[in-house]
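In this text, all values refer to a predicted model and were calculated from it rather than measured experimentally. Chain naming here is simple, since letters A, B, ... match the order of the sequence lines and numbering starts at 1 in each.
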Amino acid sequence: MDVTPILDSLNEPQRKAVTGPAEPMLVIAGAGSGKTRVLTHRIAWLIDVENISPHNLLAVTFTNKAAKEMRHRIEELLNIPVNNLWIGTFHGIAHRFLRRHAKEAGLEQSFQIIDSDDQLRIIKRLIKSLGLDDDRHNPKEIQYFINKQKDEGLRADQIDNKNDVDLIHMIKLYQQYQDICNQGSLVDFAELLLSTYELFRDNPQLLEKYHSTFKHLLVDEFQDTNSIQYALLRLLTGVKSTLFAVGDEDQSIYRWRGAKVEHIAQFQKDFPATKIITLEQNYRSTANILKAANAIITKNEDRIPKELWTDGEQGELIKIYAAFNERDEANFIVNRISDWEKQGNKRTEAAIIYRSNAQSRALEEALISASMPYRIYGGLRFFERSEIKDALAYLRLVSHKNDDASFERIVNKPTRGIGAKALDNIRKCAKDNNLSLWKAACFLAKNDPTGTKYNKINHFISLINRMDRETESLEIHDKIDHLINLSELIDLYQKEKGERGLTRIENLEELVTAAKSFDVDNEDEMTMLDAFLAHAALESGEEQAGAWEDCVQLMTMHSAKGLEFPLVFMCGMEDGLFPHQRNILDSKTLQEERRLCYVGITRAEQTLYLTFAEQRRLHGQDNHAPPSRFMAEIPSELKDEIRQKATGHYQSHIHQTKKTPASEAKLPVQLGQRAHHKKFGPGIILAYEGQGVHARVQVNFENVGTKWLVLSYANLELK
DNA sequence: TTATGCGGAATTTTT
DNA sequence: TTCCGCATAA
């Protein structure tokens, strides 16, 4: 057998991992060290060399994108399609199990999946129906609580209430929320995992069956697993199966949503025979970039030492730019990209990454005024758009009339005179009689003696029934087409002014097209319709279109994970922004910010810019923040601090920073001192803070009110 | 039922 | 600043 294509491109540790025996294996893969490569080649090796049928392999990822990419790369490697390979996201695979064994899992065969938006709506309604004010009962908090419990594998009755009133209350809400979901056969994301876990836990025979099926289980981004995911993996790994995990604790940036790096240690405890392989050779970035990344990440405690290296070039220094404000920062970046283009490079090779989405605004404005095309990652995806969700809600209600979430969503959309009073009655009736909203509505309408009170409701009921009848035998795309017309959603959006309504209608048309091309090998117990609806919920679709154009890439540091670009700008490098204010005080969260910084830096292949602004307008307020502490963690021999072009009163403060011993700096002002500003006029100094060139004063100006000014710019005339 | 205005909050995000 | 939810008015 010729194993060259599988092994040729691998280095020694990679090869060890790929060809390892059937034993538990943990691959600690630094950024850019060929993590995906190891995983795909391992699978190819198992199939091609070890003669394991794809059907006996289970590969789990976190995102659909990763799953797709992996399948693609395996097929490329083996030159054959591997359709029966179990590969998918945790949720996708859990979903598959649940459809196959809905009965054993205690679910209806045609259960529907709700996304976090639907979930939040249900919770909000629950709070309202209980007459609770959401000051003390923040729906988002309750949602977070419920998901957290589920992620920990806990049902409402399994939580220790610690005799804490608030906790008891939360648990009760959890239970009530769950009752609503069960009533309508609705399954949220966390529930997919929890139900699957319980399914296997409570059905040993079934589990046995899968134990003998899955000879090898492989997990990507292992550091991102939460408790229920890890528990599920453990459960699915039988005595004769082996778990192969790839991850990097330094790239764990999702602790805040339940991911636990601790699973890396837990893995070794649970599988004492575990082999560990560390991949440190990096194939992405220049040596300088890696040195900077290493320097930063070593500042984290409790970390297994690991150091990225390359046999490639030293590369350029990391460029640091101190901008006057966020506009200056944006312009600087746009100009650099412009230069980059002039050197014959592509815009799409340049990425601007930032800590929080709000930062994109100033960048966008600068890009627009420079007429430079750009693309923002993240944001609403296709199936998350409200008009799409409306259309799908019709589809769902027509096919699953007890789906309360969908009922609520569209009962009065477009408005058909069903107001709050009528709905309250329906909700009350539903609650009292343990009925779905649909059934309650039917019941009330039927038993309305006068026949007028529930007139509107009757209309709605006949509309849905008519939809059901008329579209019964149609294919999904025709069905959707009819539904959006019958529902008069189209008319609703036509009335919406501006471009917005037009886009919505286009999106609805796009939905019909999407349904037309929808096709799965539907081997599980699902109707085509349910398969489509599940697809819509689990794969929220592509992000914005326009990828075909050569555009600059904008994204948060989180969404940059896994990507790489020749030219990278990390902007907003200011303490408070990055690391984020909320994560500065606690060492755990600060370390996660630092890992995020490590992730950001390691996105860069050749050129890396770190930029910060002395002054930044945030939430309509001017802020001054010191440069990010992370920049100080990069050794100065790796940094090239770019000076600003002199603009009169303006000078290079970075240069000064180095010279001025910060601790010695004394402010040349006194509280209460009078001052005069060229633009703002006369005022009185109220306060001062900071040191050296970052020292700033608060001045109460007679004409323009109180402002904070950085002394080194303000050119204050002191009296 | 819809329009308007106020107050409060405003990381990060996949499924 | 901008977005949201809520209350109030039209």
I need the [atom1]-[atom2] distance between [X] and [N], as an integer number of Å.
X         : N       : atom1 : atom2 : answer
Asn583(A) : dT11(B) : CG    : P     : 11 Å
His535(A) : dT15(B) : NE2   : P     : 12 Å
Arg96(A)  : dT15(B) : CZ    : C1'   : 17 Å
Arg355(A) : dT11(B) : CZ    : P     : 9 Å
Met573(A) : dT11(B) : CE    : P     : 19 Å
Ile228(A) : dT15(B) : CD1   : C1'   : 15 Å
Leu492(A) : dT2(B)  : CG    : C1'   : 13 Å
Tyr354(A) : dA10(B) : OH    : P     : 20 Å

I want to check a possible cation-pi pair here: Arg385(A) against Phe382(A), using under 6.0 Å from ring centre and within 45° of the ring axis as the test.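 Judged by the rule (NZ or CZ under 6.0 Å from the ring centre, within 45° of its axis), Arg385(A) is not positioned above Phe382(A).
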Can you see whether Tyr177(A) has Arg125(A) sitting over its ring - NZ or CZ less than 6.0 Å from the centre and within 45° of the normal? no
Would you please indicate yes or no on a ring centroid separation below 6.0 angstrom for Tyr254(A) and His558(A)? yes
What about the rings of Phe612(A) and Phe630(A), do their centers lie closer together than 6.0 Å?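 No; Phe630(A) has its ring centre 6.0 Å or more from that of Phe612(A).
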For [X], report the nucleic acid contact type (base, sugar-phosphate, nothing); a contact means any heavy atom under 4.0 Å.
X         : value
Asn64(A)  : sugar-phosphate
Asn412(A) : sugar-phosphate
Asn357(A) : sugar-phosphate

Closest to the [X] side chain, choosing from [options]:
X         : options                   : answer
Thr556(A) : dT13(B), dA10(B), dT15(B) : dT13(B)
Arg381(A) : dT14(B), dT12(B), dT11(B) : dT14(B)
Trp256(A) : dT13(B), dT11(B), dT15(B) : dT13(B)

Starting at the 5' end of DNA chain B, which residue's closest nucleotide do you reach first, Arg416(A) or Arg582(A)?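 Its nearest nucleotide being more 5', the pick is Arg416(A).
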Reading DNA chain B from 5' onward, which residue's closest nucleotide shows up sooner: Thr89(A) or His619(A)? His619(A)
In terms of the angle between their ring planes, are Tyr609(A) and Phe569(A) parallel, tilted or perpendicular, with boundaries placed at 30° and 60°?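 Taking Phe569(A) first and then Tyr609(A), their aromatic rings lie parallel (interplane angle under 30°).
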Would you please classify the geometry between the Phe214(A) ring and the Tyr210(A) ring as parallel, tilted or perpendicular, with 30° and 60° separating the classes?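 Rings of Tyr210(A) and Phe214(A): parallel, under 30°.
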Which residues within residues 585-600 of chain A lie with some heavy atom under 4.0 Å of an atom in DNA chain B?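 By residue number: none to list.
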Closest non-hydrogen atom pair, Asn325(A) against Asp328(A):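 Distance-wise, the nearest heavy atoms are OD1-N, 2.8 Å.
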Kindly state whether the pair His580(A) / dT11(B) counts as stacked, where counting means centroids closer than 5.5 Å and planes tilted less than 30° apart. yes
Give the C-alpha distance, both sets of side-chain angles, the deciding distance and a yes or no for side-chain contact (heavy atoms from CB on, under 4.5 Å) between Lys150(A) and Phe189(A). CA-CA 10 Å; Lys150(A) 289 191 177 187; Phe189(A) 289 138; over 6 Å; no
Polar side-chain contact Ser116(A)-dT15(B) base: donor and acceptor under 3.5 Å: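 For Ser116(A), whose side chain was compared with the base of dT15(B), there is a donor-acceptor pair (under 3.5 Å).
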Kindly write out the residues that satisfy side-chain contact (heavy atoms from CB on, under 4.5 Å) with Arg617(A), not counting sequence neighbours, or none if the list is empty. Glu326(A), Asp622(A)
Taking N or O atoms only and anything under 3.5 Å, show me the protein contacts with nucleotides 2-4 of chain C, one pair per line.
residue	atom	partner	partner atom	Å
dT2(C)	OP1	Arg361(A)	NH1	2.6
dT2(C)	OP1	Arg361(A)	NH2	2.7

Between Glu539(A) and Lys65(A) (salt bridge meaning N to carboxylate O under 4.0 Å), is one present in this structure? no
